[in-house]
Amino acid sequence: MIEIQRIKENRAEVIAGLKKRGLDSEKDIEKILIVDQQWRDAKTEHQETSANLNTISKEVGKLFSSGERNQAEVLKNQSVELKKQEATQKTRVEELQNQLSKAIMALPNILRPEVPSGNDAEENELIFESGSSPTKESAPKAHWDLAKEYQLIDFELGVKVTGAGFPFYRGKGAKLQRALISFFLEEASNAGYEEFSSPLMVNEESGMGTGQLPDKEGMMYHVGEDDLYLIPTAEVPLTNMYRNTLLPNDDFSIKITGHTPCFRREAGSYGKDVRGLNRLHQFEKVEIVRIEKPENVESALKEMLDHVKSLLEKLGLQYRILKLCGGDTGFAASITYDFEVYSAGQDKWLEVSSVSRFDTFQSNRLKLRYKDENKKSKLCHTLNGSALALPRIVAALLENNQSPQGIKIPEPLVPYTGFKIIN
RNA sequence: GGAGAAUUGGCAGAGUGGUCGAUUGCGGUAGUCUUGAAAACUAUUGUACCGAGAGGUACCGGGGGUUCGAAUCCCUCAUUCUCCGCCA
């Protein structure tokens with residue numbers, strides 16, 4: 001949620017920031033400012049009436065206790081009218097308030113100046129590309145064939161038991177997955193992130209806090225009977241731990257990590273994009289989350305990017321980094337960097353991490369604040385990133401490390417898998 | 001799932017219809033005293049919002065209601081604890 005203060009003070013900048021998303025927000029902004037003013041006026045008026053009412057009530061109390069019944073009755077009758085007025089004003093304030101917050105909630109985050117303009121993934125900006133794939137095969141196989149050949153993943157079994165997009169991992173496939181999770185968590189720990197194991201379902205308030213609700217309701221599985229949502233990413237529980245929090249000073253830099261399965265409905269996906277491990281309804285991911293004061297955000301972001309880079313390098317994967325253009329950047333983010341690994345068998349780039357800063361967009365919804373050096377409350381900044389999402393990493397490892405002898409496990413991963421090759 | 005008890009400021013804990021945003025203790029902050037510290041004493045110490053300001057409004061688990069007036073009465077939901085049932 002954009003801060004109303006920001007809209008008021010930097011109207012042009014806000015409109016420009018939204019324009020980069022292809023949004024013509026001028027009229028919406030205009031309306032927000034009008035409703036905001038109406039709300040303020042109504043609120044002031046209502047408060048005055050309340051103050052009057054309070055004064056009268058106290059007066060009545062005094063008269064009663066000093067025995068002046070008649071006088072008290074007169075005042076009581078007076079207050080009846082005022083009370084009606086107060087109720088009407090209150091309703092109006094609430095209406096305006098709702099209208100206002102709805103309008104503001106509907107606005108996506110303002111993009112940072114360095115975000116390139118553009119409509120879709122085609123126009124993302126390539127900012128880094130690493131070396132080449134280690135595979136020596138002239139016609140490398142796709143991971144779904146390799147998974148079958150070595151009995152690592154069983155897609156059909158998943159369809160039988162649950163449905164498409166819920167595969168079984170088995171044998172060395174399951175172990176590889178477990179090894180990757182441990183490896184990523186350990187790397188995050190070493191980088192100073194505190195590990196959490198979180199709930200996998202969240203309530204509606206949490207969905208609101210990080211911005212999945214109300215805008216992207218359809219992405220999450222909803223358990224109707226208990227009104228809970230299966231998390232689409234660990235970001236939701238990890239960030240919402242800090243909902244309604246006022247940090248006591250500005251001496252903080254919160255770094256948390258966690259592994260969770262992620263559940264996504266992925267309605268409307270089809271074709272080769274969903275083949276094999278490319279897009280699943282349930283997948284494992286290790287997430288890193290940071291809560292920072294504004295001064296530290298830039299360096300935190302760089303640190304996170306370096307962290308993800310180092311993971312991919314340790315795994316020996318060919319990868320590239322994209323700075324997403326306006327049209328491709330998510331609702332809540334002010335800037336996003338995507339990491340993609342090269343998948344030799346499919347000759348395709350697969351997204352394995354998305355590192356974003358949200359500025360105060362989430363913390364405003366979350367009411368996550370800190371006291372600055374002048375003891376004033378200010379909104380924290382939040383950032384998060386995948387480090388990393390598993391299935392596509394598995395896909396890339398299988399495809400890039402294949403050889404006639406089998407699939408070679410990258411050196412740093414061997415202590416976690418307990419085997420060096422899948423054959 | 002059933003029965004009972006509870007939920008008050010950073011913590012502990014008073015308060016059952018009328019200057020209660022809330023007694024008190026601890027803690028925090030500032031000061032006095034001290035060479036320094038401790039102790040003692042004094043003062044201060046919640047959050048959000050409206051208002052140019054003076055000031056005002058709201059908040060005693062959440063929501064609703066009764067009343068001129070609610071922390072206090074009523075309804076409802078949530079959470080915690082105890083007992084029973086069930087269970088990894």
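Chain letters run A, B, ... following the sequence lines, proteins first and then strands; every chain starts at 1. Basis for what follows: all heavy atoms, side chains included, without hydrogens, waters or symmetry-related copies.
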With both pairing distances under 3.5 angstrom for Watson-Crick or G-U wobble, and | for a partner in another strand, the correct string for RNA chain B is ((((((((.[[[..)..(.....]]]((((((.......))))))(((((....))))).[[[[[..)....]]]]])))))))....
Lys376(A) NZ to G46(B) P, in whole Å, measures 16 Å
Separation of the [atom1] atoms in [N] and [M], to the nearest angstrom:
N      : M      : atom1 : value
G4(B)  : A58(B) : P     : 36 Å
A78(B) : G63(B) : P     : 15 Å
G21(B) : C26(B) : P     : 25 Å
U16(B) : U72(B) : P     : 12 Å

In chain order, what residues pass the side-chain hydrogen bond (donor to acceptor under 3.5 Å, both in side chains) check against [X], with sequence neighbours excluded?
X         : answer
Asp328(A) : Asn124(A)
Glu48(A)  : none
Ser354(A) : Asp338(A)

Letter by letter from the 5' end, nucleotides 61-80 of chain B scores (B base, S sugar-phosphate only, - none; protein heavy atoms under 4.0 Å) ------BBS-----------
B/S/- along nucleotides 47-53 of chain B (protein heavy atoms under 4.0 Å) is SSBBS--
Next on the checklist: Please classify the nucleic acid contact of Lys367(A) as base, sugar-phosphate, or nothing, using heavy-atom distances under 4.0 Å.
Outcome noted: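 Here Lys367(A) touches no strand at all.
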* Report yes if the side chains of Val341(A) and Glu351(A) come closer than 4.5 Å at any heavy-atom pair, otherwise no. => no
Please determine, by modelled atom types, if His281(A) and Tyr221(A) share a side-chain donor-acceptor pair under 3.5 angstrom.
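Yes, because at least one side-chain N or O of His281(A) sits under 3.5 Å from a partner of the opposite role on Tyr221(A).
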